Amino acid sequence: MEYDFKKIEEKWQKAWVEKQVFNVSATSGKKKFYLLEMFPYPSGKIHMGHVRNYTIGDAFTRYKWMQGFNVLHPMGFDAFGQPAENAAIKNKTKPDIWTYKCIDWMRQELKKMGFSYDWDREVSTCNSDYYKWNQWIFLKMFEQGLAYKKKSSVNWCESCETTLANEEVVDGGCWRCKKKVGQKDLEQWFLKITDYKERLFEDLRQLKDWPDRVIAMQSNWIGKSEGVEIYFRLEGSDEIIPVFTTRQDTIFGATYIVLAPQHPLVKKIISGKPQEKEALRFINKALKESKVVRSAEDVKKEGVFTGSYCINPVNNEKIPVWIADYVLMEYGTGAIMAVPTHDQRDFLFAKEHNLPMRIVIRPPRNQDTKSPEILTEAYEGDGIQVNSGQFDGLPNQEAKKKIAQWMQDTGIGQIKTHWRLRDWLISRQRFWGTPIPIIYCEKCGIVPVPYEDLPVKLPEEAPFTGRGGSPLSKVEEFLKVSCPKCGSGATRETDTMATFFDSSWYFLRFCSPRFDQAPFDKEEVKYWMPVDQYIGGIEHAILHLLYSRFFTKFFKDLGLIDFDEPFSHLLTQGMVLKDGEVMSKSRGNIVDPDSIIKKYGADTLRLYILFAAPPEVEMEWAESGIDGAFRFLKRTWRLLEYSSKLNKAPNQSPALEKKMHRTIKEVTEDLESFKFNTAISRIMELVNEIYQNRDSDIEKAVKTTVLLVAPFMPHLAEEMWQRLGNTDFLIRVGWPKYDEKLLKEDTVTIVIQINGKLRSKIEVPAGIEEERLKELVLAQEKIRQWIRGSPVKNFIVIPRKLINIVV
RNA sequence: GCGCGGGUGGUGAAAUGGCAGACACGCUACUUUGAGGGGGUAGUGGGGGAGACCCUGUGAGAGUUCAAAUCUCUCCCCGCGCACCA
């Protein structure tokens, strides 16, 4: 009875589809569970990262089914994006043809893994019946003033001829083509996510079942900080330069201020100064650089003196005004007060350019506050105020509050809350995305496309040359329209939406994927949402999750839903590495899941990937581990042979029964916290125990084993279940239960330590009294020799576990 | 630079204050009269010992504790994220 995985896997994959076992509908009275994995970009082939993500999700889905939940587990494709356009340029094909081919391919591969998806709910974001609702949502946002246009200096990739969000710039280069990114001024569409900053920040508290790490990243990204805006007057002028700081306690140590190169006052300040030429050269150079300049270690702190001075309002000191590219126009007021003694970046800059310093906070152990020149680095910690006028002697945290209030009272500054979060640029000068449903009319201006005219469809044909902006702008029949308001000639917006827009609400679409009255059916969403368990890569910890949270809050405000947060539980899985590196085409270290499936079957791949490491951490791909997984499958399979001999077998072994119940308990607990690796190892132990007891009645234990492995290796489990004489699909069979009474042990082994070192063990009745235990231990020959008459200073008893004798 | 993870045998990893290395991979020996990534049994952190056993050991160092892989501090290294965030 060979284990023919190919035949078995095909058989059950077919059966699941034919009997529609994973097709669900909202059924009131039935407890629901919505499990979602981040849908893939259809690049063509699935990679190990997908396999890991979806295997984790599938195992949990099947477990939830067996627990009696009505489980929604959908799959779709995040199908818009630049690779399709690049493929069109390169291969003289069309983005839609390329994309749909890739989707077909990937769907095939996902099916071969035996994942429990309700395929009837599949969506692709590039279908007009999906992106129509992107446009609908955009129009709603436009009505609310949440979608607006502004001119803004954006990252511009010459190679891709497109704007890039800051998020899309990696090491000063385009995140796709890696080429250097410059800047360009364009009228762009933005979404006013900043209107939601308080709620996005406050509601993080609701997300108790998200990893702390992700909460921390989101929190830092939104970046609420309380501080003071301080007003510096330009010397010999009425011009005021506002500066935001959270370190107002260091204001007496501000020895210069620095403006961003884009600061509006820069040109005025330098004009007519001897430094003007040099300053202009520096500014022009800085403006050409992309906005995202990440500090490499060897990057010098570059900057120039403007020739102007301003007045530090707390002590009327005249301090120089500099320009430097380490100050960003986008953050704060585009100007900073520099305190080199207490900010490391300012310190490095001051050293480089020979600027003055003053210590204003004394570290707890350091008395010398007169010689800043001997410092080797800035002191950023807490301490006592010095050289700070009336605030001398106060602990700086206390001074922080007092100084803020004093500034507010005297008008030197104003207490302000500052947020880091900026509005979201969604315009893309690309073809393969959702057209922004806006029309420009010479008479009426910006006119939204009427709802009844949606969707604004992408044209069938467009020239894909890769040059000179978006292909859409060259398609006449798309471009030329009549104004919906006045009927005169007008043109369409040719920008398309960033694909993050598409994925910010797909989890809602899955609840009613064919609904044609609105993006989603309120009633369906009411039943299924929120997503009970969301699973995906850590790389989406900020943007995708933040945007999805933003959309959810927006829908709530529209009255379409009644919850604040879309994802109750979040699991971020680790990456799959090969030889310590991420698998990638460029590194040439990709292991194709398909080749593993051919050789060993999907169940083996699933088992291996779950067994190799806990889901949250990176896992190292080691092919040798596959053999072990394959062996375990065959070993489990062979249990059938022994169970066929069952009839003759005498009673069940009590030890085996005990092990069985213990295993059920442990596996259940492990699954609840996604510890698949230890869950599997416990099942392995149970199987080992069955083999030890194969001469007794093992029927119950084998059946239990089949149920326990069902989430991990479902094809094999279904086949075994059937051969054991059952007819139900496993997801409809209840998850096994354990008997608490059988878990109790009559005796326990207690470890005996002397001075913390393991010296002996003793087996005693489980309920033994402490005094009796003490007697027994001290009577042990070995223990007597170790103690050798020294007085026992301490005798620590940890019930049922351990004794430590201190002598 | 900032933020977040992590460092345990030859390998993937267990153990989250209480027996370090569960479960696997690999390796070694034996075994099964049928080879080719078959099954079974035993062994396997390092050092010492014929042996019962002993010493030692979780990146380095210090601390807390009866007891530390686990908690605290300093340092080193690796990975990931980021908008030099004032």
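Lettering of chains follows the sequences in order, A, B, ..., and the numbering in each one begins at 1. What you see is a predicted model; the values in this text were computed from it and never measured.
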Of A:Ile798 and A:Ile680, whose closest RNA chain B nucleotide lies nearer the 5' terminus?
-> A:Ile798
A:Arg422 (side chain) and B:A83 (base): donor-acceptor pair under 3.5 Å = yes
In terms of the nearest nucleotide of RNA chain B, which residue is placed more toward the 5' end: A:Ala613 or A:Lys599?
-> A:Ala613
Nearest to side-chain heavy atoms of A:Val806, which nucleotide of B:C66, B:G39, B:C54 = B:C66
Touch class at under 4.0 angstrom, heavy-atom based, for A:Gly628 against every strand present | sugar-phosphate
Distance-only donor-acceptor test, A:Lys793 side-chain atoms vs B:C66 base atoms, 3.5 Å | no
Taking only the side-chain heavy atoms of A:Lys761 (C-beta and beyond), determine which of B:G40, B:G81, B:C19 contains the nearest atom.
-> B:C19
Closer than 4.0 Å, any side-chain N/O of A:Lys801 to the OP1 or OP2 of B:G17?
-> no
Ring-face cation contact, A:Phe795 with A:Lys774, 6.0 Å cut, 45° max | yes
Minimum-distance nucleotide (side-chain atoms of A:Leu758 versus B:C66, B:U56, B:A20) | B:A20
N or O in side chain of A:Arg759 less than 4.0 angstrom from B:C19 OP1/OP2 = no
On a plain distance test, is the side chain of A:Asn794 in donor-acceptor contact with the base of B:C66 below 3.5 Å?
-> no
Syn/anti state of B:G10 by chi, 90° boundary around 0 = anti
Rounded to the nearest angstrom, tell me the gap between atom CZ in A:Arg682 and atom P in B:C23.
-> 11 Å
Figure out the CE/C1' separation between A:Met684 and B:C25, and round it to whole Å.
-> 10 Å
Base, sugar-phosphate alone, or nothing: which one does A:Phe611 contact when heavy atoms must sit under 4.0 Å apart?
-> base
Rounded interatomic separation in angstrom, taking CZ from A:Arg800 and C1' from B:G18 | 15 Å
Between B:C23, B:C4, B:G40, which nucleotide has the shortest distance from any of its atoms to the side chain of A:Arg213?
-> B:C4
Measure the distance from CG on A:Asn677 to P on B:C25 and round it to the nearest whole Å.
-> 15 Å
Touch check for A:Asn688, heavy atoms < 4.0 angstrom, all strands: base, sugar-phosphate only, or nothing?
-> sugar-phosphate
NA contact type, A:Trp419, heavy-atom cut-off 4.0 Å: base, sugar-phosphate, or nothing?
-> nothing
Just call it for A:Gln753: base, sugar-phosphate, or nothing, with non-hydrogen atoms closer than 4.0 Å on any strand.
-> base
In whole Å, what is the span from the CD1 atom of A:Ile626 to the P atom of B:A24?
-> 17 Å
At under 4.0 Å between heavy atoms, what does A:Gln692 touch on the DNA or RNA strands: base, sugar-phosphate, or nothing?
-> sugar-phosphate
Among B:G37, B:C19, B:A86, which is the nearest nucleotide to the side chain of A:Thr245?
-> B:A86
